[in-house]
Amino acid sequence: MVIFDSVTKTKRPFEPIKEGEASIYVCGPTVYDDAHLGHARSSLAFDLLARTLRALGYKVTMAKNFTDVDDKIIKKVEATGKSMQEITTYYIDRYLDEMAQLGVQRADIEPKATESLDAIEQMIQTLIDKDFAYVVSNGDVYFDTSKDPHYGEISHKVHDDDENQSRVAHNSEKRNPKDFALWKACKGEDDICFDAPFASGRPGWHIECSAMIEKYFDGNGAYSIDIHGGGADLLFPHHENEAAQSRCATGHELAKYWMHNGFVQIDGEKMSKSLGNSFFLKDALKVYDGEILRYYLNSVHYRNDFNFNEEDLLAAKKRLDKLYRLKKRLLPGKASAVNPAFKKALLDAMSDDLNISVALSVIDEMVAASNEKLDENPKDKALKKESLANLAFIDTLLGFGGKEPYSYFQIGVDETLKEKIEALIAKRTEAKKAKDFATADAIRDELTQIGIAIMDTPEGTVWERA
RNA sequence: GGAACCAUCGCCAAGUUGGUAAGGCCGCAGCCUGCAAAGCUGCUAUUCGCCGGUUCGAGUCCGGCUGGUUCCUCCA
């Protein structure tokens, strides 16, 4: 396995800190709103990472956090009158449900900031004791970036360019412009606060990840975890700050590899609330099946920016359709063993920093080859069994193609419509038998009108939702 | 203002150590079909934003330019 490490900006062989194991921590969402396509992409990218490492034989422990205390959540509390917990559990449930629809496997550990306050306070206290952090008059605790000689090495941001930072309003008691809050002191009666030795208040955003990693992972003395992941926008300042805190608190580096996924754009424009083109996952899921979205969003390498548009999504769907059409030809039947060359080609592709494009081309070629052989010999049992096994392997490694093909092609068709379709097909078959092709074609047109495509096969007429 | 990344067929998109352009969508021709659809076969970039340089040889390395994106502020 080779991984592109964002810090060294090179592909590096994956050599885990513990033999045969892989520890991954991915920055999850702040749960104050519905997940958008960007969350989906990040989730999908690291799902692919975990699946690939598992397929390679590593014992993977994946953690993905929920930031469930934060300024934005508090604003939502003020705006809605609901409790913070009501809001966060609602969005966490929705997030998990939507990601499940995309076929994202659950993380092994899903820590929440509010459930990790002990670890957070402990790390802040350590940083204060070691003089890497300081408390200002109102009780806020800041990390002193000037005390960490390695600060800036993660994101390669130049130190002390404070001339350009002057636009950013900051607490005048900060010692350095880039110092950041570890703990935000309670602002008043209505504020959401937790007790802590330094001051009643709540954790800053960056500290929670560092603290939770220390809480859940042992590390090997040189690193706490193998891989730290997240969106490209998190590299600075979030991950820089995480790395600094952890380094200063524990005396060793946080992660051996850093991975960052690219952005999702909508029709070439940055997706953002201010532009009004924010694309919520829930809206996409109303129109497209989760599996198709998964295939589409994963069809571009995770580090590239992703330009979401309907035309490309349809092209992706057609590609997936072909896989399921092969599966239709294969069933009913049992799977035997995966073709070794196919398995190797797929794993080799994914082992190269998750080269999904090559992996998908390997699949397309396998599908075409299987179809060709089936055209030559439709009764080739051994081939059918092997192809079925190949599809099962694809499902395990990449998370698509696992459905029963008829259910895939008939998504969104209810029972009454189904009966109507079956009846029309029966009528058409009669007409065809009687050589009444005019009637047969009229029935086919009628089906086309309601969005149903039919195909005559040696085993009879089958239909799909177009 | 500072920094980084990207630029390959009509569209999407691979292309680690430089060695002579994967795959998909679309399109065209053929096989199959009553006709279609599906499936299969063949064809579709002498060329990789532009200009220089290094080299026997560059999409791949170096410099410059142009275009796009991102980060520097909460953000996947």
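Chain identifiers are assigned alphabetically (A, B, ...) following the order of the sequence lines, protein sequences preceding nucleic acid strands; residue numbering begins at 1 within each chain. FYI, side chains are in, hydrogens and waters are out, and symmetry mates aren't considered; it's all heavy atoms of this structure. The structure presented is a predicted model; accordingly, all values stated were derived computationally and were not measured.
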Rounded to the nearest angstrom, tell me the gap between atom [atom1] in [X] and atom [atom2] in [N].
X	N	atom1	atom2	value
A:Glu311	B:rC11	CD	C1'	6 Å
A:Glu153	B:rA4	CD	C1'	17 Å
A:Leu326	B:rG39	CG	P	10 Å
A:Glu376	B:rU41	CD	P	10 Å
A:Lys178	B:rU73	NZ	C1'	12 Å
A:Ile154	B:rA3	CD1	C1'	17 Å
A:Asn309	B:rC11	CG	P	12 Å
A:His260	B:rC6	NE2	P	16 Å

Sugar-phosphate, base or nothing in reach of [X], heavy atoms under 4.0 Å:
X	result
A:Ser361	base
A:Glu365	sugar-phosphate
A:Lys435	nothing
A:Ile454	base
A:Phe437	base
A:Ala40	nothing

Both distances under 3.5 Å, Watson-Crick or G-U wobble: report the partner of [N], or none.
N	answer
B:rU55	none
B:rU44	none
B:rG39	B:rC31
B:rU60	none
B:rA21	none
B:rC5	B:rG68

Among [options], which is the nearest nucleotide to the side chain of [X]?
X	options	answer
A:Val300	B:rG39, B:rA13, B:rC26	B:rA13
A:Val358	B:rC25, B:rA38, B:rA14	B:rA14
A:Phe263	B:rC71, B:rG39, B:rG34	B:rC71
A:Asp364	B:rG24, B:rA76, B:rG39	B:rG24
A:Ser357	B:rA14, B:rG23, B:rG34	B:rA14
A:Ala440	B:rG23, B:rC40, B:rG34	B:rG34
A:Lys9	B:rA76, B:rC5, B:rG15	B:rC5
A:His301	B:rA14, B:rA76, B:rG39	B:rA14
A:Asn355	B:rG23, B:rA38, B:rG15	B:rG15
A:His39	B:rA76, B:rG34, B:rC71	B:rA76

Any chance the rings of A:His36 and A:Phe279 have centres within less than 6.0 Å?
no
Sub-6.0 Å ring centroid separation between A:Tyr288 and A:Tyr295:
no
N/O donor-acceptor pair, side chain [X] with base [N], under 3.5 angstrom:
X	N	result
A:Lys72	B:rC74	yes
A:Arg325	B:rA38	no
A:His36	B:rA76	yes
A:Arg444	B:rC35	yes

[M] and [N], which share atom name [atom1], separated by this distance in whole Å:
N	M	atom1	answer
B:rA58	B:rG63	C1'	15 Å
B:rA21	B:rA36	P	37 Å
B:rU73	B:rU55	C1'	47 Å
B:rC12	B:rC26	C1'	11 Å
B:rC74	B:rC5	C1'	22 Å
B:rA38	B:rC51	P	42 Å
B:rU66	B:rC28	C1'	36 Å
B:rA13	B:rC31	P	36 Å

Should [X] be listed as having a side-chain N or O under 4.0 Å from OP1 or OP2 of [N]?
X	N	answer
A:Lys328	B:rA38	no
A:Asn371	B:rA38	no
A:Lys433	B:rG34	no

Could you check whether the rings of A:Tyr257 and A:Phe14 sit parallel, tilted or perpendicular, using 30° and 60° as the cut-offs?
tilted
Parallel, tilted or perpendicular: which one describes the rings of A:His239 and A:His260, with boundaries at 30° and 60°?
tilted
Tell me whether A:Lys328 forms a cation-pi arrangement with A:Phe409, defined as NZ or CZ under 6.0 Å from the six-membered ring centre and within 45 degrees of its axis.
yes
Check whether the side chains of A:Tyr302 and A:Asp353 place a donor and an acceptor atom closer than 3.5 Å, and report yes or no.
yes
Would you check if there is a donor-acceptor pair between the side chains of A:Asp68 and A:Thr114 at a distance under 3.5 Å?
yes
Between A:Ala316 and A:Ala453, whichever has its closest RNA chain B nucleotide further toward 5' is A:Ala316
For A:Arg428 and for A:Glu372, find the nucleotide of RNA chain B with the closest heavy atom, then tell me which residue's nucleotide is more 5'.
A:Arg428
Begin with the C-alpha distance, continue with both residues' side-chain angles, and end with the deciding distance and a verdict on disulfide (SG to SG under 2.5 Å) for A:Cys27 and A:Cys209.
CA-CA 8 Å; A:Cys27 288; A:Cys209 293; 4.0 Å; no
Strictly below 4.0 Å, N to O, side chains only: are A:Lys317 and A:Asp321 in salt-bridge contact?
yes
Apply side-chain contact (heavy atoms from CB on, under 4.5 Å) to residues A:Met99 and A:Asp47 and explain how you reach the verdict.
CA-CA 10 Å; A:Met99 293 309 159; A:Asp47 181 59; over 6 Å; no
